[in-house]
Amino acid sequence: MSIVMDGNGRWAKERGEERLRGHFEGVESIRACVEECVRLGIRYISLFAFSEENWNRSEHEVTGLMKLIFNSMEKEMHLFIGQNVRLRVLGNRDRLPDELNGEIDKIEAMTKNNDVLDMILFISYSGQWDILQAARRFAADAAADPSLLETAGADTFSKYLVTAGIPDPDLIIRTSGEMRLSNYLLWQAAYSEYYFTDTLWPDFRKEEFHKALEEYSRRDRRYGKV
Ligand code: IPE
Ligand code: IPE
Ligand code: MG
């Protein structure tokens, strides 16, 4: 399952506070959802934390978000280790501050054998960026071995995406009432179920999470069949 965590800015605005307060509060929602995943035996959760397009926000907000991500990772480390959670960060890592990259490397290495829950954070990620970087690497391999052009199907191509080896999400939740993809998991969402809720991300806690799962359980997934 995957979540587009949206509405932090509006949550803060409603309270007359600055946008970063909303992001700060959103971390609590992440903790709540991760805990529920562990409790319910959900094997994968991925979270859209920062998009390629989000680099265009004010320097103040971008710097604040990078600091928040860094601090949260440091702070929550014990939770990952204690609950046997494996953390991975996917996206264009070249654009991240060195300090954050160092922290990510450290946590990924420390948790790589954890096998209760895989938590994937998409940072500096966009679906088109992902497909492009995959196409480039595929083209390089195909130049060396032209038979690939004939034999490669969707399964082969998806091994070039940054999500290689991670199952496509069954369910994608987006909070805050926005009904768009915003360049998230374009390839991987081919058959995902979508769940949209007006609840802003900082208010999306345990009960909201269960509501989404309950609605998902009523969906009829046909994959093009009847
Ligand atoms: C989502 O909340 C978090 C990020 C995109 C980093 P927003 O910051 O987009 O909040 P709104 O949409 O402005 O309310
Ligand atoms: C999508 O939210 C990105 C994340 C939640 C990280 P945005 O708030 O950036 O999306 P748009 O701009 O409303 O489409
Ligand atoms: Mg938003």
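This chain uses plain numbering: 1 for the first residue, then up along the sequence. We count ligands from 1, going down the list as the structure has it; atoms in each ligand are counted the same way. Both backbone and side-chain heavy atoms feed into the values below; hydrogens, waters and symmetry mates do not.
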Could you check whether [Y] and [X], counting side-chain N and O atoms only, form a donor-acceptor pair closer than 3.5 Å?
| X | Y | answer |
| --- | --- | --- |
| Arg174 | Ser182 | yes |
| Trp55 | Ser124 | yes |
| Arg221 | Tyr216 | yes |
| Asn183 | Glu52 | no |

- prompt: For ligand 1, is any non-hydrogen atom under 4.0 Å from Leu200's backbone (N, CA, C, O), its side chain (CB onward), both, or neither?
  reply: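 The answer is neither; Leu200 stays 4.0 Å or more away.
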task: Before signing off on this row, confirm whether Gly9 and ligand 1 have an N or O atom pair separated by under 3.5 Å.
output: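 Right, the criterion is met.
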Run the contact test for [X] against ligand 1 with a 4.0 Å cut-off on heavy atoms, strictly below, and give the result.
| X | answer |
| --- | --- |
| His23 | yes |
| Ser176 | no |
| Arg19 | yes |

query: Got an N/O contact under 3.5 Å between Ser51 and ligand 2?
result: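 Among all N and O atoms of Ser51, none is under 3.5 Å from an N or O of ligand 2.
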- line: Taking only non-hydrogen atoms of Phe48 and a 4.0 Å limit, the atoms of ligand 2 in range are 3 (C), 4 (C), 5 (C), 6 (C)
task: Report, in ascending order of atom number, the atoms of ligand 1 lying under 4.0 Å from any heavy atom of Ala49.
output: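 So the answer, numbered in order with elements, is 6 (C).
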message: Taking Glu214 first and then Lys211, would you say they form a salt bridge - that is, a charged N and a carboxylate O separated by under 4.0 Å?
response: no
- request: May I ask you to decide whether Glu25 forms a salt bridge with Arg205, counting only side-chain N to carboxylate O separations under 4.0 Å?
  value: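 Yes, charged N to carboxylate O under 4.0 Å.
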field: Name of the residue among Arg222, Arg219, Arg218 meeting salt bridge (Lys or Arg N to Asp or Glu O under 4.0 Å) with Glu193
entry: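 Of the listed residues Arg222, Arg219, Arg218, the salt bridge (Lys or Arg N to Asp or Glu O under 4.0 Å) partner of Glu193 is Arg219.
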statement: For the Mg ion (ligand 3), the nearest N/O/S atom on Asp6 is atom OD1
field: Under 2.8 Å: N/O/S of Glu178 next to the Mg ion (ligand 3)
entry: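 False for Glu178.
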Would [X] count as a contact residue for ligand 2, given that I'm defining contact as a non-hydrogen atom of the residue lying under 4.0 Å from a ligand atom?
| X | answer |
| --- | --- |
| Arg180 | yes |
| Glu52 | no |
| Arg10 | no |

